[in-house]
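To keep things clear, I will list the structure first and then write my remarks on it.
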Amino acid sequence: MNPYTPITESLCKHYPEIDPADLVYSKPPSADLGDVALAMFPLARTLKSAPPKIAAEVAEKVDFGPLVQEVTPTGPYLNFKLNRSQAIRNIVSTVLTEQSDYGSSDCGKDQRVVLEHTSINPNASPHVGRARNAMIGDSLARLLRFQGHDVEVHYYVNDMGRQIGLLVLVAEELEDLNFEQILEAYVEANQRAEADPDFAEKGYELLVRMEEGDPEVQRQFREVTDLCLKGQLAVLERLGARYDCFDRESKYVRDARLEKIQEALRAKDAVFVDEEERLVVDLSKLGYPHEQGRYFVLMRANGSSMYGYRDIAYTMDKESLGADLNIMVLGEDHKLYAQQLQLILESAGHKAPESVYYAYILLKEGKMSTRQGKVVLLSDFLDQAAALAVARVEEQCRDLSAEEQQAIAEKVAVAAIRFAVLRVNPNKNVIFDMEAALSFTGDTGPYIQYCCARIQSILRKAEDKIPTTPSADFPLEAQAEWQVAATVAEFEEALLAAYEQRNVAGIGLYALELARQFTTFYHECPVLIAESEALRLARLQLCQAVLQTLRNALYLLGIDVPEQM
RNA sequence: GCACCCGUAGCUUAAUGGAUAGAGCACUUGGCUACGGACCAAGGGGUUGGGGGUUCGACUCCCUCCGGGUGCGCCA
């Protein structure tokens, strides 16, 4: 919602040539300048005049109606002092009416989306680095749905390939393999393959038999990957990530569509068998401009397929679902690979999906390393965070059962990790600081949850049924009241930016800002013991509106709001 | 070597090319007879990696150098 539309309308009425999209409202740098500011720069071209001149002229000539109490031109800016009571009333009323839809601009209406994310290799317990994909993907799915899209979330299960072959070999030697042992088994398998060429060769042989359809080998692959996937999903489930479809890579080994791709490549003379008998694509024939990354191997000499070959079939399969948007979340290490895949698909007249990239999560000590044990496992983090949180909850929510306390602690733990990861722009490396992520103070998910808990505490104590329509007598005009309401009004714009940029980081920063504004209001403006009944009710409604907005924002980040904590 | 991403306060980070670069952590000082102190108020701390350029105006765009991340023919 935009509470400033009356201003826009007045301006456009006086200057019909103005494009309303050029009117961008912002907060003035200092509160005594006014309640809302409007920059004149974008109007300079259409009105053929200098911004400061425009500001002065507009302030003198345009009648802005009852919402605006005062207009002051300040250089190239126009600063408005508003009838705050009226403006806040409009904002609160909108939120209380739209409730859990508040903030949606419904821009994805009637559009279907296929979104693939997470797709962790089934060989180990997910660490927080891998989980960045799941958190970004899951939040993106929530945002797309919130904006009206019909979203289908896909998870590609890499249930074959050399790594699984080696894992099967190690698994054979163990009595009963469980999920916890797989991380170790995987490391061991790789070390052995490096040291012992025969062992490595056995892995490749297993792969060939798998692709040829040997039922026993297929059973073994299935057993190992199922075990891994099940364990991984249990951890991802704690994060709140949900998937609609699991697509197994092994399904795409002998896909008929790959023949068509080969034909198209041959027609452009872009595929050849190299000196080591591999089937290779020469991407330079498809317009790839560099020497590095020019070759893309489809099949090994022994006839088994490479990952990319199967992925071509999988990508076409997703394309055939006919969605309006086809999006995948990828680590930045896949950038070149995705570009290569795109060239191949487009050469055969297919459309590659839109990629959303994210950079790696690093530790303060440097890169995460499985072999050196320098990883933070997601489950370990959640366990530690929940243990810390439950100690606090036991103190502060004594009337609750142990189960309820544990459930709250788990929500706090998830908020801590999801917020710590999602608030950073995805193209930047996240420096993951275990201590900071476990502290729950400052710019954190639990801080926002705490703000919500306080609001709910007020609402509980008020015991009023809060009407969704604010009364005509709505005496909110204090600075803190205005600031928090104005921030509430910015929600839709923040979500639209997140949607367009496919970047949910802004939602986290927005929620943080709103929570901070509310806390200032909370300390300055007593609600339950306000001077008048009208003021008390208006403030309760403002509280309700802030809570609703924070809930909606946190929902998009996959963070639950506990009633108490 | 080539390509892509990043570099902002001691640390972690924010800013559709626009007003005085905004927060959190840490540090200093103050605030609980409380609508919940997982909090608030105030303070110190910045040549936005270096150097050029474009622009009325650059953290933002272009060039270059330095530093970090990522990728570059039988891993997935």
Side-chain angles (χ1 to χ4, degrees), chain A residues 24 26 28-30 33 37 39-42 50-51 74-77 79 119-121 123 156 158 160-164 190 204 249 274 276-281 289-302 304-308 310-311 331-337 339-340 357 359-360 362 364 366-367 389 392-393 396-397 412 420 423-425 427-433 435-436 439-444 446-447 449-451 453-462 497 500-501 505-506 509 512-513 516 519-520 522-530 539 543 564-565:
Chain A
V24 185
S26 61
S30 141
L33 283 171
M40 297 291 108
F41 301 106
T74 311
Y77 288 88
N79 290 315
S119 305
I120 299 173
N121 291 336
N123 55 25
Y156 191 43
N158 305 124
M160 55 181 302
R162 193 184 97 105
Q163 49 164 358
I164 307 298
N190 279 292
Y204 282 120
E249 185 181 352
D274 75 359
E276 289 172 63
E277 302 291 313
R278 295 171 293 204
L279 188 65
V280 181
V281 181
H290 306 289
E291 181 58 29
Q292 293 77 17
R294 172 180 169 186
Y295 299 108
F296 189 89
V297 178
L298 296 177
M299 291 180 111
R300 300 182 178 94
N302 68 10
S304 64
S305 60
M306 294 284 288
Y307 171 81
R310 292 163 246 146
D311 203 13
E332 66 175 355
D333 51 329
H334 282 63
K335 269 188 184 176
L336 173 60
Y337 169 76
Q339 194 190 342
Q340 293 171 325
Y357 296 103
Y360 278 26
L362 312 175
K364 272 166 126 180
K367 295 180 237 181
R392 297 292 288 276
V393 174
Q396 295 183 68
C397 308
V412 172
R423 65 181 282 240
V424 182
N425 267 320
N427 54 355
K428 285 183 138 179
N429 290 107
V430 172
I431 313 291
F432 187 77
D433 181 346
E435 210 179 316
S439 79
F440 309 156
T441 68
D443 286 357
T444 65
Y447 169 84
Q449 288 178 314
Y450 183 69
C451 176
R454 296 218 278 200
I455 298 174
Q456 291 173 100
S457 174
I458 292 175
L459 296 175
R460 266 197 307 276
K461 285 181 179 159
E500 280 161 3
Q501 294 162 27
L509 298 170
L512 204 50
E513 171 68 11
R516 260 200 230 107
T519 312
T520 302
Y522 175 90
H523 281 274
E524 286 180 17
C525 306
V527 177
L528 296 177
I529 50 163
R539 282 183 176 162
C543 285
Q564 326 175 33
M565 61 189 278

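No experiment lies behind these values; they were computed from the predicted model shown. Just so it is clear: chains get the letters A, B, ... in the order the sequence lines come, proteins before strands, and each one is counted from 1.
G73(B) shows a glycosidic angle within 90° of 0 and is accordingly assigned syn.
Distance OH (Tyr295(A)) to P (A3(B)): 18 Å, rounded to an integer number of Å. As a whole-Å value, the separation of Tyr360(A) OH from C4(B) P is 19 Å. Distance CD (Gln339(A)) to P (C72(B)): 13 Å, rounded to an integer number of Å. Taking atom OH on Tyr357(A) and atom P on A3(B), their separation rounds to 18 Å, with Å as the unit. A straight line from CD1 of Ile529(A) to C1' of C35(B) spans 7 Å, rounded to a whole angstrom. Atom CD of Glu513(A) and atom P of A14(B) are 15 Å apart (whole Å).
Annotation: of the two residues near RNA chain B, Gln340(A) and Val393(A), the 5′-most nearest-nucleotide partner is Val393(A). Between Val280(A) and Leu528(A), the residue whose closest nucleotide on RNA chain B is further toward the 5' end is Leu528(A).
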Enumerate all atom pairs, one protein N or O and one N or O from nucleotides 74-76 of chain B, separated by less than 3.5 Å.
| unit_1 | atom_1 | unit_2 | atom_2 | d |
| --- | --- | --- | --- | --- |
| C74(B) | O2' | Arg300(A) | NE | 2.4 |
| C75(B) | OP1 | Tyr204(A) | OH | 2.9 |
| C75(B) | OP2 | Tyr204(A) | OH | 2.3 |
| A76(B) | OP1 | Arg162(A) | N | 2.7 |
| A76(B) | OP1 | Arg300(A) | NH2 | 3.1 |
| A76(B) | OP2 | Arg300(A) | NH2 | 3.4 |
| A76(B) | O3' | Glu249(A) | OE1 | 3.2 |
| A76(B) | O2' | Asn121(A) | OD1 | 2.5 |
| A76(B) | O2' | Asn121(A) | ND2 | 3.3 |
| A76(B) | O2' | Asn158(A) | OD1 | 3.4 |

Atom pairs under 3.5 Å, N or O on each side, protein against nucleotides 40-45 of chain B: can you list them with distances?
| unit_1 | atom_1 | unit_2 | atom_2 | d |
| --- | --- | --- | --- | --- |
| C40(B) | OP1 | Tyr447(A) | OH | 2.8 |
| C40(B) | O4' | His523(A) | NE2 | 3.2 |
| A41(B) | OP1 | Thr520(A) | OG1 | 3.4 |

Please enumerate all protein N or O atoms sitting under 3.5 Å from an N or O of nucleotides 5-12 of chain B, with distances to 0.1 Å.
| unit_1 | atom_1 | unit_2 | atom_2 | d |
| --- | --- | --- | --- | --- |
| C5(B) | O2' | Asn427(A) | O | 2.8 |
| C6(B) | OP1 | Asn427(A) | ND2 | 3.1 |
| G7(B) | OP1 | Lys428(A) | NZ | 3.4 |

Extract from the structure each pairing of a protein N or O with an N or O of nucleotides 57-60 of chain B at less than 3.5 Å, listing the distance.
none

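Within the 4.0 angstrom heavy-atom criterion, base atoms lie near Ile458(A). Contact annotation for Cys397(A): no contact, since no heavy-atom pair falls under 4.0 Å across all strands. Using a 4.0 Å heavy-atom cutoff across all strands shown, Asn190(A) reaches no nucleic acid atom at all. At a threshold of 4.0 angstrom between heavy atoms, the contacts of Ala37(A) include nucleobase atoms, whether or not backbone atoms are also involved. Note on Ser457(A): a base of the nucleic acid sits closer than 4.0 angstrom, heavy atoms only. Residue contacts for Asn425(A): at a heavy-atom cut-off of 4.0 Å it reaches the sugar-phosphate backbone alone, with no base atom in range. As judged by a 4.0 angstrom heavy-atom cut-off over every strand, Ala453(A) is placed among the base-contacting residues.
Partners of Tyr447(A) by ring-ring contact (aromatic ring centres under 6.0 Å, His included), not counting sequence neighbours: none found. Residues passing the side-chain contact (heavy atoms from CB on, under 4.5 Å) test with Val412(A) are Ala389(A), Ile408(A), Phe440(A), Pro446(A), Gln449(A), Met565(A), sequence neighbours excluded. With sequence neighbours left out, Ser119(A) forms a side-chain contact (heavy atoms from CB on, under 4.5 Å) with Glu116(A), Tyr156(A). Partners of Tyr307(A) under the ring-ring contact (aromatic ring centres under 6.0 Å, His included) rule, at least two apart in sequence or in another chain, are Tyr337(A). For Asn190(A), there are no side chain to side chain donor-acceptor pair (under 3.5 Å) partners two or more places apart in sequence or in a different chain. By the ring-ring contact (aromatic ring centres under 6.0 Å, His included) test, Tyr204(A) is found to be paired with no residue, residues two or more places apart in sequence or in another chain being considered. When the ring-ring contact (aromatic ring centres under 6.0 Å, His included) test is applied to His290(A), the partners found at least two apart in sequence or on another chain are Tyr288(A). Contacts of Glu435(A) classified as side chain to side chain donor-acceptor pair (under 3.5 Å), with partners at least two apart in sequence or in another chain: none.
Counting heavy atoms from C-beta outward, Pro526(A) and Arg539(A) have side chains that approach closer than 4.5 Å. Put simply, the side chain of Tyr522(A) reaches to within 4.5 Å of the side chain of Ile458(A), judged on heavy atoms.
G7(B) and G49(B): their C1' atoms are spaced 6 Å apart (whole Å). Rounded to whole Å, the C1' atom of A42(B) lies 25 Å from the corresponding atom of U33(B). Using atom P as the reference point in both A19(B) and C6(B), the two lie 22 Å apart (nearest Å). C65(B) and U70(B) have their P atoms separated by 22 Å, given to the nearest Å. Across G73(B) and G69(B), the matching C1' atoms stand 24 Å from one another, rounded to whole Å. Between G1(B) and A21(B), the two P atoms lie 38 Å apart (nearest whole Å). Rounded to a whole angstrom, the distance from the P atom of G71(B) to that of G51(B) is 32 Å.
What you find for Leu336(A) and Gly293(A) is that their closest heavy atoms are CD2-CA, 4.1 Å. His523(A) and Arg454(A) get closest at one heavy-atom pair: NE2-NH2, 3.9 Å. Scanning both residues, Glu249(A) and Asn158(A), for their nearest heavy atoms gives OE1-CA, 3.0 Å.
With distances taken from any side-chain atom of Pro526(A) to the nucleotides A14(B), G71(B), C35(B), the minimum falls on C35(B). Nearest to the side-chain atoms of Leu362(A) among the listed nucleotides C2(B), G69(B), G37(B) stands G69(B).
Partner assigned to A23(B) is U12(B), using Watson-Crick or G-U wobble distances below 3.5 angstrom. Nucleotide A58(B) forms a pair with no other nucleotide shown, judged by Watson-Crick or G-U wobble geometry with both contacts under 3.5 Å.
The base of A14(B) has none of its N or O atoms less than 3.5 Å from a complementary donor or acceptor on the side chain of Asp443(A).
In summary, Glu332(A) and Lys335(A) do not engage in a salt bridge, as defined by a charged side-chain N under 4.0 Å from a carboxylate O.
When the side-chain nitrogen and oxygen atoms of Tyr450(A) are compared with OP1 and OP2 of A38(B), one or more of them lie within a distance under 4.0 Å.
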Practice item. Given side chain to side chain contact (heavy atoms under 4.5 Å, CB included), test Met306(A) with Arg278(A) step by step and report yes or no. Key: CA-CA 10 Å; Met306(A) 294 284 288; Arg278(A) 295 171 293 204; over 6 Å; no
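For the atom pair CZ of Arg423(A) and CG of Leu512(A), the computed distance is 6.5 Å after rounding to the nearest 0.5 Å.
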